[in-house]
Asks: 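Just dropping this structure here.
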Amino acid sequence: MTRGKPVAGSGTRLVGAGRSGDFADRVVNPPVWRASTHLYPDCAALREGPKSNEDGRFFYGRRGAPTQWALAEALTELEPGAAGTVLYPSGLAAIVAALLTVVKNGDVLLVADNAYDPTRNTAMDLLKRGGVECRFFDPLDHAAYEAAFCERTRAVMLENPGSLTMEVCDIPALARIARANGAVSLIDNTWATSLGFAALEHGCDIAITALTKHVGGHSDLMMGAASAGERWYRRLRQTAQQLGHVVSPDDAALALRGLRTMGLRLERTAATALRIAEWLQARDEVLAVLCPMLPGTPGHEVWRRDFTGGCGLLSFVLKDRGDAARCRLIDSLGLFGIGYSWGGFESLALPFDVPPVRKVMAWPRPEWGVGEALGIRLSIGLEDAGDLIADLDRAFAAMNEG
Ligand SMILES: *Cc1c(COP(=O)(O)O)cnc(C)c1O
């Protein structure tokens, strides 16, 4: 397609993203190019190949082929401020590779204390072995955050909202403070995606998404992406090449297929999640509902200010119940699968306990005045809201009978 694209809403952008390449003008979707070897017409062309480190140039399979380039291009078009996007074999691989791009031996890395647990593990083990010192901070406490910077602070790892506990933080303020201290800010933006939160426009340098979740959307693929402006995009690419990261063209085609309907799925699952959050909030058995879209969640006003959408992932905390009751509730659900991951078309429930490794963010929250807070995370799928609420209602009854 060579026709110009007018400025458009997110649905229109999702339909058109990544479809301007040279390889798919006669069919709607790019073919699945399975390729390790790219052939050259002659030796002169072969010698030119490695000189170009650009996407969209054939060289060797590890640098991808048109299927992967179309996906990367689509994600770049959807991320305001991005010069390019690098794909990774998982969301975690994207986080680790982006961190390795930014930090080096002797640097200090600040990590939000409510970040995804595997991110924390990598920071505390792999990066530590590489001589990087990791310090955790409370992203809601700006004074303590600002005080945590030192000469050696090189980067800040953010996530919004926080994993499991869903606090929304003021990313523009945190990114501004990082920049003023000469540090690079990276954000795990998996919850909102670029549709719901334009991370680079809000001051971050590198925006990371686990495509496994909303982009894939069908619980059938693992992939990650990092998008950035010109400076960091070049270096992200270089690190990915040095690490040998590549994604399969079959998975890239699945991700592209998922991407086209992502806006619809996010809208629908966010609306259902909000209805469920309101329903949960009215239950006696529930101590707190943790859902950025629901007034009362820490940072809800910031969510309203900065986000253009939500999604179906929320958590809640049981009041005065033990683990046996929690498991009884979850095991009694008929429409929710029990499993990790989220963002699929099907609903999931997961018991969670906030890792005791959290260092600076108190849990349970002091204002609750309780000693223990047992959590349940729900990933809301495309089922009808009324059916999911009826299912939850039955499960609460089963818990109370037990
Ligand atoms: C799942 C998840 C990841 C990791 O993605 P994978 O593809 O499973 O490696 C990263 N960040 C967040 C917030 C996630 O929920």
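Numbering of ligands and ligand atoms starts at 1, following listing order.
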Asks: Examine R283 relative to F396 and say whether NZ or CZ is less than 6.0 Å from the centre of the six-membered ring and inside a 45° cone about the ring axis.
Replies: yes
Asks: Is the H214-W191 ring centre distance short of 6.0 angstrom?
Replies: no
Asks: What is the distance from atom CD of E151 to atom CG of D107, rounded to the nearest 0.5 Å?
Replies: 12.0 Å
Asks: Under 6.0 Å from the ring centre and within 45 degrees of the ring axis: does the NZ or CZ of R265 meet both conditions for the six-membered ring of F345?
Replies: no
Asks: The criterion is side chain to side chain contact (heavy atoms under 4.5 Å, CB included); which residues satisfy it with I376, sequence neighbours excluded?
Replies: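 Once residues adjacent in sequence are excluded, the partners of I376 under the side chain to side chain contact (heavy atoms under 4.5 Å, CB included) criterion are F316, L318, R326, L329, I330, L378.
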Asks: Does the side chain of T209 pick up a donor-acceptor pair with the side chain of T193 at under 3.5 Å?
Replies: no
Asks: Using a strict cut-off of under 4.0 Å between a residue heavy atom and any atom of ligand 1, list the qualifying protein residues by chain and number.
Replies: S90, G91, L92, I95, Y116, E159, D188, T190, A210, T212, K213, M222, W342
